[in-house]
Amino acid sequence: MDLRNIAIIAHVDHGKTTLVDELLKQSGIYREGQAVTERAMDSNDLERERGITILAKATSVEWHGTRINIVDTPGHADFGGEVERILSMVDGVCLLVDAAEGPMPQTKFVTSKALALGLKPIVVLNKVDKPAAEPDRALNEVFDLFANLGANDEQLDFPVLYASGINGWADNELDGPRKDMSALFELVIKHVEPPKQIAQAAEPFRMLATTLGADPFIGRILTGRVEAGTLKVGATLKALSRTGERVEQFRVTKILAFRGLGQQPIDEAVAGDIVTIAGMTKATVADTLCDLSVDTAIPAQPIDPPTISVTFGINDSPLAGRDGNKVQSRVIRERLMKEAETNVAIKVEDTPGGDAFVVSGRGELQMGVLIENMRREGFELSISRPRVIFREEKGERLEPIEEVIIDVDDEFSGAVIEKLTGARKGDLVEMKPAGVGKTRIVAHVPSRGLIGYQGEFMTDTRGTGVLNRIFHDWAPYKGPIQGRRQGVLISMEAGVSVAYALWNLEDRGRMFIGAQEQIYEGMIIGEHSRDNDLEVNPLKGKKLTNVRASGTDEAVRLTPPVIMSLEQSIAYIDDDELVEVTPKSIRLRKRYLDPHERKRMAKVEG
């Protein structure tokens, strides 16, 4: 059977997973009357809740005698480690662009990786039936983007399709018949070349592992594209590390191939196909699985370095151990090491004390997803404020700079520009109209300046602004950046919060807790209206007397507390504060630093 391997890449919410749903339906994967799940490729609970793709996943469809392996890639730059390794398995990319928004930052990030690998793109302008769609402008922006990313002449001569993923059609012309996806299937078969590996079927077996998983029945499994040769169940292979060192020798117990949404056992894997192999115990991502006669490892695609780090520690608050069942540092370390093994964009280091671990990654969203998964597994953690990772080159200190693209109503553009270019040390790159009453702002801002900015941005734009960010470059250190301006309200007592006490404290600032909540000494219960921290007593009840008078017995009406999400909490805290994460609660608390620790932190921040 003819083979085609293609990845679908796009910005968050441009309709990538919905388009794959339609390709699966129209290729005949589902039987008649079968219950079909919406966004079938987003199989992870967090992916469904947040509406984003986090893990790269593969599926397979048949179209007129040709098998097409489709890889659904994450759209967010924080999960770029998934994108970089998965693109090495395909021979072409389908770039999906919203006809109204045009190419966005994550489009730029993933496309640059694909073009650097020499992959030939197909451009699909999605959502062309939206009232705000401007397909001609979007197409011009895509061409400009390719040119800026250094695409060659062959890549610039890309075919274009007009589509509506949710309505299930794609056409070569904007005013086409709008019936089905057959134009996209045919273009993939025509434009994407068959795997070059097919010509190497007679050579010894070689495969580069790109994703690692675990199956409860068959154990450790590795997925990748067969680079050469064929493989049968029961054959003996060896695993080589990136440097060519022998990792282990093992017998292949099972070979799985993608068939629709699931995987099915097959007897033989052929060159060019994307398959999953079981039987190994040590081999991992970026290792080469090969025949015993092969001595050279397949070069693995380099992964961009992490830009931020967060310290994971045990939960040592007075309420520790009440919600979760995984609280020991040993268990936390094992879980983090397991994550670092499967996620190549994450690095884990032990601290000198051994009870905390420094986890480095791409961004706050990636860290938030990892912490959320751990709390759902029963872990209790204390999380520090994210810290930017600096570089030293030729005696100069460099810091990561991010490209920020903001779409905002005209009336709020002044406040946004002032915040980004003032206290946050950003540089304004471009400002242009983006539709009726809208402005698009492009700025280069230090990563340090964007930590904790999302909440402030939503307040400044009355919740109407859209902010996208992506790593841009390393630049000389821009000096200290002011953090959070407000102080916090800290509980001086332990017990259960009292409505009357919180009512009296409302003049002091915004509350993070409501009445009848368990609190402890040192816990942050609100934000102070001034810039200093204030210790308060949220347990103080009303003194009862037998004197009654009109006006003295007012009903207590509390303002609803501010409930912050996990990412908002992590971005909100200061250096001397922690986020306490349990399966049921997210709390903020003070961390009183000794003088040596405070001095070390001041030195890191410069």
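What you see below is based on every heavy atom in this structure, not just the backbone, and it leaves out hydrogens, waters and symmetry mates. The first residue in the sequence is number 1, and the count goes up from there.
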Solution key, residues 114-129 side-chain donor-acceptor pairs under 3.5 Å, sequence neighbours excluded:
residue: Asn126; atom: OD1; partner: Gly165; partner atom: N; Å: 2.9
residue: Asn126; atom: ND2; partner: His14; partner atom: O; Å: 3.0
residue: Lys127; atom: NZ; partner: Asp13; partner atom: O; Å: 3.0
residue: Asp129; atom: OD2; partner: Ser164; partner atom: OG; Å: 3.0
residue: Asp129; atom: OD2; partner: Asn167; partner atom: ND2; Å: 2.7

Subject >> Ring geometry between Phe146 and Phe158 (parallel below 30°, tilted from 30 to 60°, perpendicular above 60°) >> reply: perpendicular
Subject >> Any residue meeting salt bridge (charged side-chain N to carboxylate O under 4.0 Å, His left out) with Glu393, in chain and number order, not counting sequence neighbours >> reply: Arg391
Subject >> salt bridge (charged side-chain N to carboxylate O under 4.0 Å, His left out) against Glu339, all qualifying residues, sequence neighbours excluded >> reply: Arg335
Original post:
How would you list all residue pairs meeting side chain to side chain donor-acceptor pair (under 3.5 Å) that involve residues 146-159, not counting sequence neighbours?
Top reply: none
Original post:
Does Asp180 have any salt bridge (charged side-chain N to carboxylate O under 4.0 Å, His left out) partners at least two apart in sequence or in another chain, and if so, which?
Top reply: none
**OP:** Sort and list the pairs that fulfil ring pair (Phe, Tyr, Trp, His ring centres under 6.0 Å) and have at least one residue in residues 175-214, not counting sequence neighbours.
**Re:** Trp63-Phe185
Below 3.5 Å, can you tabulate the donor-acceptor pairs from side chains in residues 292-300 to any protein atom, sequence neighbours excluded?
residue: Ser293; atom: OG; partner: Asp291; partner atom: OD2; Å: 2.8
residue: Asp295; atom: OD1; partner: Lys238; partner atom: NZ; Å: 3.2

For residues 430-439, dump all side-chain donor-acceptor pairs below 3.5 Å to protein atoms at least two apart in sequence or in another chain.
residue: Lys438; atom: NZ; partner: Asp409; partner atom: OD1; Å: 3.2
residue: Thr439; atom: OG1; partner: Asp410; partner atom: OD1; Å: 2.5

Subject >> Set of residues satisfying salt bridge (charged side-chain N to carboxylate O under 4.0 Å, His left out) with respect to Arg206, sequence neighbours excluded >> reply: Glu203
Subject >> Residues forming a side chain to side chain contact (heavy atoms under 4.5 Å, CB included) with Glu22, sequence neighbours excluded >> reply: Lys25, Gln26, Met181
**OP:** Quick one: list whatever passes side-chain hydrogen bond (donor to acceptor under 3.5 Å, both in side chains) with Thr230, sequence neighbours left out.
**Re:** none
**OP:** If a pair satisfies ring pair (Phe, Tyr, Trp, His ring centres under 6.0 Å) and one of its residues is in residues 207-266, list it, with sequence neighbours excluded.
**Re:** none
